[in-house]
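So you know, we letter chains A, B, ... as the sequences are listed, proteins then strands, and number each from 1. This is a predicted model, so every value here is computed, not measured.
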2 protein chains.
Amino acid sequence: MIRLFLAEDQSLLNTALAQLLDLEDDITVVGTATDGQAAWAAISQLKPDLAVLDIEMPKATGLDVADLIQGAHLPTKVVILTTFAQSAYFQRAVKAGVAGYLLKDAPTDELVANIRRIMAGATVYAPELVQNMVTASTNPLSEREMDVLKAAANGQSTKEIAQTLFLSAGTVRNYLSAIFSKLGVANRMEAVNLAKRNKWL
Amino acid sequence: MIRLFLAEDQSLLNTALAQLLDLEDDITVVGTATDGQAAWAAISQLKPDLAVLDIEMPKATGLDVADLIQGAHLPTKVVILTTFAQSAYFQRAVKAGVAGYLLKDAPTDELVANIRRIMAGATVYAPELVQNMVTASTNPLSEREMDVLKAAANGQSTKEIAQTLFLSAGTVRNYLSAIFSKLGVANRMEAVNLAKRNKWL
DNA sequence: TTCTTTCCATGACAATTGTCACCTGACAGT
DNA sequence: ACTGTCAGGTGACAATTGTCATGGAAAGAA
């Protein structure tokens, strides 16, 4: 019997999935949570066989919880269940040694099947991720350049950015200019849009 | 027996919910869809008693489908099921005469209970919405101003905006200036951020 | 009808933004 | 000791952006 814990912040999906998984003969849902803190508190007590974690949750993300589980050497396998294939998240999850990384964009049957495979010792990554890994562009900007871009993304003017980062206005303009040329764009708005699209922001 | 149709683009939730609702003695799920077009095609054929529609779907939104259902005078009640309480969506839904507007941030039991109440003739709006309605700020921008702001949000320069909207560059700057003063901000970036925060974009 | 308001439009002007060439000091590698 | 690279800086200049005063047309109210 697979003792499973479920953490998912959207109540509707949380309860629906919990009930459905519990119907399976070889799975018991030993607990659920709708935020990361509660999830970790419960998991460290219950020590389930498997923890199914959403990434985007209040208080602590599923990846934070995965790190905690690994750090505490619990006998609990981790499956990350998330909406979209973003390689940044995925890479962190692999580092945290998760046994599965699945997308919500698949029917429940598939989820159940994957849970069984994982409990049998397999490691399952959603195939979409491998593709995204290849095409994923890495952030060409330096840390300092990111600071400037973040400030610009908040709508701050050159002068304001200079003040908050303790730089001269000219330097800020230089940074922005360098950012634009690295990203191949012509102005702040385009730079910010591109950075957001690539999840660098 | 309630003949129910479910449209929800996230497959996991779609299948989970369909199975769970189908388990109820007085509910049959006569069909599901993961995009708006498919949903309308199926609903206009099946004429179910109730259509549960997500808003954010590919091809056509749940609200588009609700409009179509109302326009065709089908005997189908509509329930909108969505993630967050945004009054813009809500107002449009009310105009489309929906029988229910529920949030995904509630357990399945509640969904089922509300479905029964709605089929008994009730109209059910998630209470969170009433609160949001009061605090909801309405978009102070004119249609033309929104066109300009949208273009600016894409990173287009004044000149480019002017070309796509067949205006002079000066007029575009003027619109932007009016936008800034209406929104109480100083530049494009801030205006776009504010508009996105208020879901006007 | 006339008045007022709103939306849309224009061009002149000032301020800000983006580009460029070039300088300094710190630090890592050869 | 030399070289490259990186964070930070300057100032000049051109282009873009934001402000303002102003005018026309349509729609609703008097």
Side-chain angles (χ1 to χ4, degrees), chain A residues 88 91 136-201, chain B residues 87-88 91-92 95 133 136-201:
Chain A
Q91 283 166 8
S137 37
T138 21
N139 188 342
L141 304 181
S142 72
E143 222 170 296
R144 208 70 180 136
E145 286 168 340
M146 283 305 294
D147 292 341
V148 173
L149 187 58
K150 272 176 214 161
N154 288 331
Q156 290 185 268
S157 70
T158 306
K159 219 180 279 179
E160 290 169 332
I161 297 172
Q163 279 169 10
T164 53
L165 296 182
F166 304 105
L167 296 176
S168 82
T171 304
V172 171
R173 285 209 298 277
N174 271 342
Y175 272 116
L176 283 167
S177 198
I179 290 167
F180 301 154
S181 100
K182 279 188 185 178
L183 300 185
V185 299
N187 57 50
R188 294 157 187 230
M189 194 68 76
E190 280 192 281
V192 168
N193 286 159
L194 185 65
K196 281 188 179 158
R197 225 177 301 134
N198 289 72
K199 306 287 172 185
W200 299 332
L201 262 174
Chain B
S87 65
Q91 282 166 7
R92 207 185 133 195
K95 272 185 208 145
M133 276 278 280
S137 38
T138 19
N139 188 342
L141 304 181
S142 72
E143 221 169 298
R144 206 75 178 134
E145 286 167 341
M146 283 305 294
D147 292 341
V148 173
L149 187 57
K150 272 176 214 161
N154 289 330
Q156 289 185 269
S157 69
T158 307
K159 217 181 280 179
E160 290 169 330
I161 297 171
Q163 278 168 11
T164 54
L165 296 182
F166 304 104
L167 297 177
S168 81
T171 306
V172 172
R173 286 207 296 277
N174 211 60
Y175 272 116
L176 284 165
S177 197
I179 291 167
F180 303 154
S181 99
K182 279 189 185 176
L183 301 184
V185 300
N187 57 50
R188 292 153 188 235
M189 195 69 75
E190 281 191 283
V192 168
N193 288 161
L194 185 64
K196 280 188 179 158
R197 226 176 301 133
N198 289 70
K199 307 285 174 187
W200 298 333
L201 263 175

Legend entry - dG18(C) OP1/OP2 closer than 4.0 Å to side-chain N/O of R188(A): yes
Legend entry - Nearest atoms (heavy-atom pairs only) where A151(A) meets I161(A): CB-CG1, 3.7 Å
Legend entry - Test item: N154(B) side-chain N/O and Q156(B) main-chain N/O as donor-acceptor pair under 3.5 Å: no
Legend entry - Any T158(B) side-chain nitrogen or oxygen under 4.0 Å from OP1 or OP2 of dT16(D): no
Inset, instruction - Could you tell me whether T171(A) contacts a base, only the sugar-phosphate backbone, or nothing, with contacts defined as non-hydrogen atoms closer than 4.0 Å? - result: base
Inset, instruction - Return the set of residues passing side-chain hydrogen bond (donor to acceptor under 3.5 Å, both in side chains) with K196(B) (not counting sequence neighbours), or none when no residue passes. - result: none
Legend entry - Among dT10(D), dG18(D), dA7(D), the one nearest R144(A) by side-chain distance: dA7(D)
Legend entry - Atom-pair distance (NZ on K182(B); P on dT19(D)), nearest Å: 14 Å
Inset, instruction - Check whether the side chain of N174(B) and the base of dT19(D) form a donor-acceptor pair under 3.5 Å. - result: no
Inset, instruction - Please state how far atom CD in Q156(A) lies from atom P in dT16(C), giving the value in whole angstrom units. - result: 15 Å
Legend entry - Whether E160(A) side chain and S157(A) backbone form a donor-acceptor pair below 3.5 Å: yes
Inset, instruction - Scan S181(B) against the nucleic acid and name what it touches under 4.0 Å (heavy atoms): base, sugar-phosphate only, or nothing. - result: nothing
Inset, instruction - Answer with base, sugar-phosphate or nothing: what part of the nucleic acid does N187(A) contact at a heavy-atom distance below 4.0 Å? - result: sugar-phosphate
Inset, instruction - Taking the side chain as every heavy atom from C-beta outward, state whether R144(A) and L165(A) have any pair of such atoms under 4.5 Å apart. - result: yes
Inset, instruction - For K159(B) and dG18(C), give me the distance from atom NZ to atom P, rounded to whole Å. - result: 15 Å
Inset, instruction - Quick one: label S157(B) by what it contacts on the DNA or RNA (base, sugar-phosphate, nothing), any heavy atom closer than 4.0 Å. - result: sugar-phosphate
Inset, instruction - For the side chain of Y175(B), starting at C-beta, report the closest nucleotide among dC8(C), dT19(D), dA12(D). - result: dC8(C)
Inset, instruction - Measure the distance from CZ on F166(A) to P on dA7(D) and round it to the nearest whole Å. - result: 19 Å
Legend entry - Minimum-distance nucleotide to R173(A) side chain [options: dA12(D), dT16(D), dT17(D)]: dA12(D)
Inset, instruction - For A169(B) and for A186(A), locate the closest nucleotide of DNA chain C by heavy-atom distance; then report the residue assigned to the nucleotide nearer the 5' terminus. - result: A169(B)
Legend entry - d(CG, L176(A); P, dA7(D)) in whole Å: 15 Å
Inset, instruction - Rounded to the nearest angstrom, tell me the gap between atom CD in E145(B) and atom C1' in dA9(C). - result: 13 Å
Inset, instruction - Round to a whole Å and report the spacing from CG of L165(A) to P of dG8(D). - result: 9 Å
Legend entry - S168(A) side-chain N/O to dG8(D) phosphate OP1/OP2 under 4.0 Å: no
Legend entry - Rounded distance in Å - CE (M189(A)) to P (dT17(C)): 12 Å
